[in-house]
**Student:** 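Here it is: the structure, laid out below.
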Amino acid sequence: MSSSLFNEIPAGIPDPILGVTEAFRADNHPSKVNLGVGIYQDTDGKVPVLEAIKRAAEIWATSEDNKSYLPIDGVPGYNLATQELIFGKGSPLIAEKRIATIQSVGGSGALKLAVDFIKKFFPNTTLVLSDPSWENHRVIFEAAGMKVGTYPYYDPKTNGLKTPEMLSSLRQLPSGTTVLLHACCHNPTGVDLPMESWEEIATICQERNLIPFIDCAYQGFGDGLEADAAPIRMFADKHLTFFVASSYAKSFSIYRERVGALSVVTGSAKETANVISQLKRIVRTIYSSPPSYGAQLVGIALSNPELRSLWETELAGMRERIQKMREVFSTRLRDLLPDRDFSFILKQKGMFSYSGLSADVIRELRERYHIYALESGRICVAAMNHKNMDYICDAIATIVGKR
Ligand code: LMR
């Protein structure tokens with residue numbers, strides 16, 4: 001018998017985020033809690049199917065009349081609805097056809113399309129990420145052949161930003177460097193840039209001829225749909241040309257349907273047409289054309305006024321519940337560990353809190369209490385509820401208190 005083709009293949013390392021979910025699923029402990037992955041759960045610990053999505057699915061079930069391929073750039077109407085959501089309904093860029101938007105397989109798919117495009121047309125660029133950034137950013141970009149560096153961002157000493165260091169590092173980047181920025185709800189820290197820093201970054205990008213690349217995966221989870229898009233709209237107002245990778249996974253609680261988009265802000269309608277045609281080439285060589293279902297539902301929910309308003313209410317409900325959990329989490333920890341300051345948790349935005357807990361504490365939480373979080377100390381506040389909160393806080397206080 002010939003030997004297997006695969007006997008030299010080593011095991012891959014578990015994914016730092018989804019690997020935690022795999023370990024959580026394999027754990028049978030009744031009190032287990034998954035604070036690892038960024039998924040919103042309701043008060044009962046369930047990932048909700050939004051009413052707006054249920055209603056859109058009813059509409060789609062009676063209106064779908066064929067199963068042919070979609071156009072390579074996606075569901076007609078969906079891309080325009082996405083532009084309006086990100087850039088504002090009245091944005092002159094839309095009227096001037098200065099945005100090239102293409103449906104993508106989730107936000108990660110948008111990152112992949114963008115990096116392939118960047119690699120092809122700006123072959124000498126390197127890409128810099130905030131330190132830290134979403135665990136999967138570096139992996140996606142390096143896998144596409146990109147050289148990846150970092151710029152200072154988070155200061156563990158203050159649980160805030162390293163603003164002067166960040167700005168000075170960005171000012172020293174070689175012309176043509178790609179800079180990945182988080183539009184809102186910075187993943188993993190939850191610490192967002194104030195508008196004045198965004199303004200300075202926009203100026204630096206113009207002066208240094210940098211390629212801005214904005215990841216917008218949490219619109220609506222910070223301060224609201226409009227406020228969360230403000231940095232992107234400001235970049236557009238300043239006539240920058242740039243990339244925006246966006247996702248509806250979280251805002252529509254539609255994770256498994258993989259619904260995202262890549263929008264490229266260009267200088268003219270002609271450039272837009274060329275960019276779209278190149279992005280279509282890239283899609284064709286990876287997965288040919290996108291899946292339909294999730295984008296159809298999102299397209300319907302965004303364009304039907306009744307469903308749109310229902311969705312905005314449901315999204316606000318998720319945002320407010322997370323904020324409430326932040327307050328309870330921070331207060332409870334303050335009561336249990338009065339010598340430590342947890343007020344920074346209240347200033348963070350979105351699903352995550354960079355808790356400042358060490359990797360040792362995170363490991364002990366998992367081993368002794370079956371509470372799963374990321375070794376970086378990132379905790380998903382959106383998975384907390386009134387039933388698991390005391391258990392989580394007591395476990396943290398017991399471990400931290402004895403160190
Ligand atoms: C996260 O950061 O947990 C989410 O964006 C989910 C993922 O794919 O990593």
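Every number for a ligand or one of its atoms is a count from 1 in the order of the listing.
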**Student:** Determine whether any heavy atom of Arg378 lies closer than 4.0 Å to an atom of ligand 1.
**Tutor:**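 Within the 4.0 Å threshold, so yes.
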**Student:** Who's the nearest protein heavy-atom neighbour of atom 8 (O) of ligand 1, and how far?
**Tutor:**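 Its nearest protein heavy-atom neighbour is Trp134 CZ2, 3.6 Å.
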**Student:** Give the numbers and elements of all ligand 1 atoms closer than 4.0 Å to a heavy atom of Gly38.
**Tutor:**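 Ligand 1 atoms under the 4.0 Å threshold to Gly38: 1 (C), 3 (O).
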**Student:** Should the proximity of Asn136 to ligand 1, defined as any heavy atom under 4.0 Å, be assigned to the side chain, the backbone, both, or neither?
**Tutor:**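 Near ligand 1, Asn136 shows nothing, with every heavy atom at 4.0 Å or more.
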**Student:** Testing Phe242, Phe243, Phe213 for ring-ring contact (aromatic ring centres under 6.0 Å, His included) with Phe235, which one passes?
**Tutor:**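 The option that passes is Phe242.
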**Student:** Once you restrict to heavy atoms under 4.0 Å, what part of Met351 touches ligand 1? Side chain, backbone, both or neither.
**Tutor:**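 For Met351, no heavy atom sits under 4.0 Å from ligand 1.
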**Student:** Tell me, yes or no, whether the heavy-atom count around Arg363 atom CZ, taken from other residues, nucleotides or ligands under 6.0 Å, exceeds 12.
**Tutor:**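 Enclosed: over 12 neighbouring heavy atoms sit under 6.0 Å from CZ of Arg363.
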**Student:** Can you tell which part of Tyr218 has a heavy atom less than 4.0 Å from ligand 1: side chain, backbone, both or neither?
**Tutor:**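 Side chain only.
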**Student:** If you count heavy atoms of other groups shown closer than 6.0 angstrom to NZ of Lys97, is the number above 12?
**Tutor:**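 12 or below, so no.
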**Student:** Which ligand 1 atoms, with their elements, are less than 4.0 angstrom from a heavy-atom of Val37?
**Tutor:**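 Listed by number with element, the hits are 3 (O), 6 (C).
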**Student:** Which ligand 1 atoms are under 4.0 Å away from a heavy-atom of Lys250?
**Tutor:**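 Reading through ligand 1 atom by atom, the close ones are 4 (C), 5 (O), 6 (C).
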**Student:** Tell me if the aromatic rings of Tyr40 and Tyr255 count as close, with their centers under 6.0 Å from one another.
**Tutor:**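 Not under 6.0 Å, so no.
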**Student:** State whether the number of non-hydrogen atoms from other residues, nucleotides or ligands found under 6.0 Å of Phe121 atom CZ is greater than 12.
**Tutor:**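 Atom CZ in Phe121 is crowded, with more than 12 foreign heavy atoms closer than 6.0 Å.
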**Student:** Give a yes-or-no answer on whether the side chains of Asn187 and His137 include a donor-acceptor pair shorter than 3.5 Å.
**Tutor:**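 Distance-only check fails for Asn187 and His137.
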